[in-house]
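Data first, discussion second: the structure below is written as structure tokens.
The structure presented is a predicted model; accordingly, all values stated were derived computationally and were not measured. We name chains A, B, ... by the order of the sequence lines, and we start the count at 1 in each one.
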Amino acid sequence: MDNNPQSAPEKTHLEELNELMIRRRQELDELVKHGINPYPYLFSQTNYSGEILSSFKDDGQQVNVSIAGRIMSIRRMGKASFCHVQDSQGKIQVYLKKDDVGEMYDIFKLLDIGDIVGVEGFVFRTKMGEISIHARKFEVLSKSLRPLPIVKEKVDEKGNKIVYDPFSDKELRYRQRYVDLVVNPGVKEVFIKRAKILRIIRKYFDERGYIEVETPILQPIYGGAFARPFITHHNALDVDLYLRIADELYLKRLIVGGFDGVYEFAKDFRNEGMDRSHNPEFTMLELYVAYKDYVWMMNLVEEMVSTIAKEVVGATKFKVGDNEIDFTSPWKRISMFDAIMEYTGKQLKGKSEQELRMIAKELKIEIEPGADSAAVIDEIFGEFVEPKLIQPTFITDYPVEMSPLAKKHRSEQGFVERFEVIVNGHELCNAFSELNDPLDQRQRFEEQMKLRVRGNEEAQVQDEDYLRALEYGMPPTAGLGIGIDRLTMLLTNQDSIRDVIFFPQMKPEH
RNA sequence: GAACCCGUAGCUCAGCUGGUAGAGCAUCGCCCUUUUAAGGCGAGGGCCGUUGGUUCGAAUCCAACCGGGUUCACCA
């Protein structure tokens, strides 16, 4: 081994090489000197760790296998060694002895935790009882040049796993998710469940004949939600464009165009604060179905979410944090004002902005001077009701000022046909009977413009093309939006949105 | 945006009544052909987040900045 480097340590883009990294580069050179290609092209793996472990029988029959994966631990004992190799299904122990692999044993000495190898051999059970692969051959498939965090595990007498020195630094875990995924097996599980949730929803909608569509992310006018947008610029057209905050108005244009049901898993972007339940880009599922109303949509949501829970968690009743949540239908349905009445004893129906402000004062809630009555009501609801709603609950019938895209209530003056589902104290989805009266819609936009003048940066912007579409005629339509990240948080029992997004937004590293 | 907490070896952490750095794992050398948090003996490894200040002397005290976490605000 070359122990006197002639030149100063080279640098990567991120940092100077430390001892461990220099060491691994030297081993890489050694491998090449031995005629080994440390980065070959192919390996024909025919088995996976999980499948080998579950199908093993102690019947003396020799079963030959070939696996590929990353070395996660090594125990060297002179002329024989054990290591654990991790593939997509988990880990399996590999036993190598010099008598069996010959010259290659010297190559194995040049390998480290983190290197990717292919192993051929037969399955056996060790004296200590662990099902393992007795290697006859192995191949280097990729030499790792960086030390992986070392996480050790021990299984106690009761079969519980004790983890020593877990890789737990959240900053490193999020910035280097690839490392997190390698050493923290639970992380992968969450994302596999996330994929499963998407698959189930897709299947559920496709079976009903709804069409999955794609609509613009770059929009000349942003709309469909209350939020501040990201702005970007298109050079060739020399126009500013907005990253969408919602795809609602485009999906409804498609309903005008004659689709009876459309949905999109949309990455939306909102230029706002970040916290445990907000990432600047997030995934929203929106669905629009013609000739249906919000009552119909409530039934769909109830059925679909409990179906997802059953398939992903295996039950409709399960623990999320400290709470046991029961998605079994039917869920409670209560109007927004009745819910406020229930939790505060205050009746808000028919109250003016002044009266609402008085009530807020009695409840000791601070209200910003620029707030309109809708904002006051929402503040009261958010403070006193939402956090108390643990079991899935439909909150229905919102004041018209809060919902400029929702249709007027068929019987309650001043309200719209809208519902949200609140679970575990957080909004899970939002839906309404869509406003399809173009004249009413124009008035609602005008109300929003007035709010904007009053200083509300999040008030919605008038979209003339959308109004034109409505003027051609949109059928009665039910619409729904579900936050996929939040749904995933619930079903995987994660309390931070960063744990259900592979690469959450972070400040630049340098 | 605000408050509080944190930043020491590749990883997980100790050291913080100021005297210039420590453990376990990982790494290196020797021994070890069924081990498993393998073991035994020995060794190396640090701009103590950055920049200033106080001091004879700072990982330790102070300030600013950078990054992270938590809570609150915002996100209806």
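In this structure, A/Phe167 places its CZ atom 23 Å from P of B/A37, rounding to the nearest Å. Nucleotide B/U70 holds its P atom 9 Å from the CG atom of A/Asp499, rounded to whole Å. Nucleotide B/C11 holds its P atom 11 Å from the CG atom of A/Leu148, rounded to whole Å. Taking atom CE on A/Met274 and atom C1' on B/G67, their separation rounds to 13 Å, with Å as the unit. Whole-Å rounding puts the A/Glu379 CD to B/A76 C1' distance at 8 Å. In this structure, A/Arg23 places its CZ atom 13 Å from C1' of B/A43, rounding to the nearest Å. At whole-Å resolution of the value, CG in A/Asp112 and P in B/A26 are 12 Å apart. Nucleotide B/U34 holds its C1' atom 9 Å from the NZ atom of A/Lys97, rounded to whole Å.
Residue contacts for A/Glu130: at a heavy-atom cut-off of 4.0 Å it reaches a base atom on one of the strands shown. A/Asp275 comes within 4.0 angstrom of a base, heavy atoms only. Here A/Phe381 lies out of heavy-atom contact (under 4.0 Å) with every strand. Note on A/Glu427: nothing from the nucleic acid sits closer than 4.0 angstrom, heavy atoms only.
Checking the phosphate oxygens (OP1, OP2) of B/G10, no side-chain nitrogen or oxygen of A/Arg24 falls inside 4.0 Å. For the OP1/OP2 pair of B/U71 and a distance below 4.0 Å, the side-chain nitrogens and oxygens of A/Arg276 include at least one atom meeting the criterion. Within the structure, a side-chain polar atom (N or O) of A/Lys170 is placed less than 4.0 Å from OP1 or OP2 of B/U70. The phosphate of B/G67 (OP1 or OP2) has a side-chain N or O of A/Lys507 nearer than 4.0 angstrom. Put simply, A/Arg175 has a side-chain N or O that comes within less than 4.0 Å of OP1 or OP2 on B/G68.
In the set B/C28, B/C11, B/G68, B/C28 carries the atom at the smallest distance from any side-chain atom of A/Glu27. Across B/U36, B/A37, B/G68, the shortest atom-to-atom separation from the side chain of A/Thr126 is found for B/U36. Of all nucleotides listed (B/G67, B/U12, B/U35), B/G67 comes nearest to the side chain of A/Glu171. Comparing atom distances between the A/Leu20 side chain and each of B/U34, B/G68, B/U27 picks out B/U27 as nearest. You'll find that the side chain of A/Glu19 is closest to B/G44, out of B/G44, B/U36, B/G69. Listed nucleotides B/A26, B/U12, B/U34 differ in distance to A/Asp165; the shortest reach to its side chain belongs to B/U12. When the nucleotides B/A76, B/U33, B/G69 are ranked by their closest atom to the side chain of A/Asp99, B/U33 comes out on top. When the nucleotides B/U33, B/U36, B/A76 are ranked by their closest atom to the side chain of A/Gln93, B/U36 comes out on top.
With hydrogens and angles ignored, the 3.5 Å screen pairs no side-chain donor or acceptor of A/Tyr105 with any backbone N or O of A/Lys97.
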Check residues 333-341 of chain A and write down every donor-acceptor pair under 3.5 Å in which the side-chain atom is one partner and the other belongs to a residue at least two apart or another chain.
| from | atom 1 | to | atom 2 | distance (Å) |
| --- | --- | --- | --- | --- |
| A/Arg333 | NH2 | A/Asn299 | OD1 | 2.7 |
| A/Ser335 | OG | A/Asp338 | N | 3.1 |
| A/Ser335 | OG | A/Asp338 | OD2 | 3.3 |

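With a cut-off of 3.5 Å on both pairing distances, B/U54 has no Watson-Crick or G-U wobble partner at all. For B/U33, there is no paired base (Watson-Crick or G-U wobble, both distances below 3.5 Å). Within the shown strands, B/G69 is the pairing partner of B/C4 under the Watson-Crick or G-U definition, both distances less than 3.5 Å. In this structure, B/C25 forms a base pair with B/G10, meeting either the Watson-Crick or the G-U wobble geometry with both donor-acceptor distances under 3.5 Å. Summarising the base pairing, B/G46 is matched to no nucleotide, lacking a Watson-Crick or G-U wobble pair whose two defining distances lie under 3.5 Å.
Atom name C1', nucleotides B/U51 and B/G69: the rounded distance is 23 Å, in whole Å. Only the P atoms considered, B/G45 is 24 Å distant from B/A14, to the nearest whole Å. Nucleotides B/A58 and B/U20 place their P atoms 11 Å apart, quoted to the nearest Å. The same atom, C1', is picked in B/G10 and in B/G40; the two are 25 Å apart, to the nearest Å. When the C1' atom is used for both B/C6 and B/C13, the distance is 13 Å, rounded to whole Å. A gap of 15 Å separates the P atoms of B/G52 and B/G57, to the nearest Å. Taking atom C1' on both nucleotides, B/U60 is separated from B/G49 by 15 Å, rounded to a whole Å. Remark: the separation of the P atoms in B/G44 and B/C4 is 44 Å, to the nearest Å.
Along RNA chain B, the nucleotide nearest to A/Ser168 and the one nearest to A/Ala375 differ in position, and the one closer to the 5' end is contacted by A/Ser168. Between A/Arg75 and A/Ala225, the residue anchored nearer the 5' end of RNA chain B, judged by the nucleotide with its closest heavy atom, is A/Arg75.
Relative to the ring axis of A/Phe282, A/Arg486 does not place its NZ or CZ within 45° and under 6.0 Å from the centre.
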Evaluate the criterion ring pair (Phe, Tyr, Trp, His ring centres under 6.0 Å) for residue pair A/Phe419 and A/Phe394; output intermediate values, then yes/no. CA-CA 6 Å; A/Phe419 71 83; A/Phe394 289 105; 5.3 Å; yes
Does the salt bridge (charged side-chain N to carboxylate O under 4.0 Å, His left out) test come out yes or no for A/Lys388 and A/Glu342, once each step is laid out? CA-CA 11 Å; A/Lys388 309 268 172 50; A/Glu342 190 173 317; over 6 Å; no
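Under 4.0 Å is where a charged nitrogen must lie from a carboxylate oxygen, and between A/Arg24 and A/Glu27 no such pair does.
When the side-chain contact (heavy atoms from CB on, under 4.5 Å) test is applied to A/Phe226, the partners found at least two apart in sequence or on another chain are A/Pro404, A/Gln448, A/Glu458, A/Gln460.
Heavy-atom neighbours of A/Gln62 CD from other residues, nucleotides or ligands within 6.0 Å: above the threshold of 12.
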